[in-house]
Amino acid sequence: MKVWLKKSEIDSATYTIDGPSAQYIWDSQLQGFGVRLYRSGKKSFVIQYRYNGRLRFMVLGQYGPLTLDEARKEAKKKLVAPLTGKDPLKERQDSRLEFLTASSLQHLFDQYTAKPSFRSKSVSHQKGFVQKFERNILPRLGRMKVKEVERRHLRVLLEEIADTGKHQLAKQVQAFMRILFNFAVDQELIEHSPCERLRLDLNIQSRDRVLSEDEIRCFWYGVENIGVCPQIQIALKLQLVTAQRIGEIAKTEWRHVDLKQNIWTIPRENVKNRRGDHLVPLSPLGRQLIDELKPFKDESGWLLPSPKATGVHVAASSMTRAIWKERGDKGAFKDLEPFTPHDLRRTAASMLSREEVERSYIKQILNHTENDVTAVYIRDDYLKSKRRYLDLWANKLVRILVPKLLMTNVVSL
């Protein structure tokens, strides 16, 4: 069966029980590129080509984690290879053989961190992954063969970290261990991950810091007096107004902001969950903050260009440090309980909840991943709803910020 492969065609395609065991849909536009349907309902992108007269099949990846556009680009590269005397399937087999000869956990770590799939993750994830392994795991287990690492080895290491009181660190190290050993399973180096059924009794409490209305006023007017560049001051306010992640704000470019439609697009490569572009409607207060950044616009194109270096943006870590250094006796936030930029995001979400905004809309504003079955069928970006509730939050924020004596003069946004 040949059709012009589109997302709608793939979504609607189903496996025929009475049909052949191997069922395919081939693309009429790109010869040799198609989708295989499985009885389980899974769908995978495949290619077929001839090499030295033999017909070869190769699976590119599962539909879902791999998008149609990504698969088509990869297929074009693979299908050109035989014309230059290369066999893509043989190259993959050789690559897997290289992994099979990995003699140590250190070798596996090096191979995984060199993969394009790892490099495509956020910079903060890459940095955290490498740092946790190099500081906590590799010095102890790096020389062990992957097949020799057992659950008890990992348990002892994690319990030693937890015994120092660093429960959150132990949890992070365990999560990164799971990623690497799942990779080892995928590469058929081991049959089962030693992280399976590895549970630690850690007393880890999630942060629930939410600023009160008085604290919001103290933050808003106090941030203007902290010893950092105006870009950071405005960015911190923008996080409270938009409820977005500080790292996503830091990496924003002017081309991501549509000033005519008042829509800020966070591109997929900057989004934490990597599910796609995230659209953030700008309330009048959010638009005002964006306008305040115009005097700092330069050739780099960054919304928050660094005042110290050319061509780079202000680092998210600089915004966190800007708040923490103001906690001292002479700091702008000396009268506030400690808080972080992420607590500003949580404050906005909590305030929306108090206004009886449905949880699903708040999740859309925060761009939290939805794991329920319904999420698969809902494709609406909730743009109108997000605009309505971000405007609602901006109105409430203005009422909080304006002194009570002047409330009679406040005009709703």
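Along the sequence shown, the residues carry numbers beginning at 1. FYI, side chains are in, hydrogens and waters are out, and symmetry mates aren't considered; it's all heavy atoms of this structure.
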Between [X] and [Y]: side-chain donor-acceptor atoms closer than 3.5 Å:
X	Y	result
His278	Gln244	yes
Trp393	Ser283	no
Ser300	Asp298	yes
Glu196	Ser193	no
Lys2	Gln29	no

Can any side-chain N or O of [X] pair as donor or acceptor with the backbone N or O of [Y] at less than 3.5 Å?
X	Y	answer
Gln126	Lys121	yes
Arg119	Thr113	yes
Tyr15	Ser21	yes
Ser28	Trp4	yes
Arg155	Arg199	yes
Arg245	Glu248	no
Arg345	Ala243	yes
Thr347	Leu211	yes
Asn270	Ile266	no
Gln106	Leu141	no

More than 12 heavy atoms of other residues, nucleotides or ligands under 6.0 Å from CD of Glu191: is that the case?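 12 or below, so no.
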
Count the heavy atoms belonging to other residues, nucleotides or ligands that lie under 6.0 Å from CD of Glu337, then report whether that count exceeds 12.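 Count not over threshold, so no.
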
Distance in Å, [X] [atom1] paired with [Y] [atom2], rounded so as to fall on 0.5 Å steps:
X	Y	atom1	atom2	value
Cys195	Arg151	SG	CZ	9.5 Å
Arg135	Ile161	CZ	CD1	12.0 Å
Asn182	Ile179	CG	CD1	8.0 Å

Distance under 6.0 Å and angle within 45° of ring axis: Lys42 vs Tyr38: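 Judged by the rule, Lys42 and Tyr38 form a cation-pi pair.
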
Looking at [Y] and [X], is there a salt bridge between them, counting it only when a charged N and a carboxylate O are closer than 4.0 Å?
X	Y	answer
Asp391	Arg388	no
Glu215	Arg209	yes
Lys334	Glu326	no
Arg152	Glu159	no
Glu148	Arg143	no
Asp87	Arg56	yes
Asp69	Lys73	no
Lys77	Glu91	no

Evaluate the salt bridge (Lys or Arg N to Asp or Glu O under 4.0 Å) criterion for residues Glu160 and Lys166: first the C-alpha distance (whole Å), next the side-chain angles of each, then the deciding distance (0.1 Å), finally the verdict. CA-CA 9 Å; Glu160 288 180 358; Lys166 299 178 180 179; over 6 Å; no

Are any non-hydrogen side-chain atoms of [X] and [Y] less than 4.5 angstrom apart?
X	Y	value
Val280	Leu390	yes
Lys132	Ile137	no
Leu37	Val35	yes

Which class fits the ring pair Phe57 and Trp26: parallel under 30°, tilted 30 to 60°, perpendicular over 60°?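 Ring orientation of Phe57 relative to Trp26: tilted.
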
Phe176 vs His125 aromatic rings, parallel, tilted or perpendicular, using cut-offs 30° and 60°?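 Perpendicular.
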
Tell me which one of Phe133, Phe183, Phe181 satisfies ring pair (Phe, Tyr, Trp, His ring centres under 6.0 Å) with Phe109.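 Only one option passes, and that is Phe133.
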
Over all heavy atoms of both residues, which pair between Leu304 and Ala235 is shortest? Give the atoms and the distance, please.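 Scanning both residues completely, I find the closest heavy atoms to be CD1-CB, 3.6 Å.
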
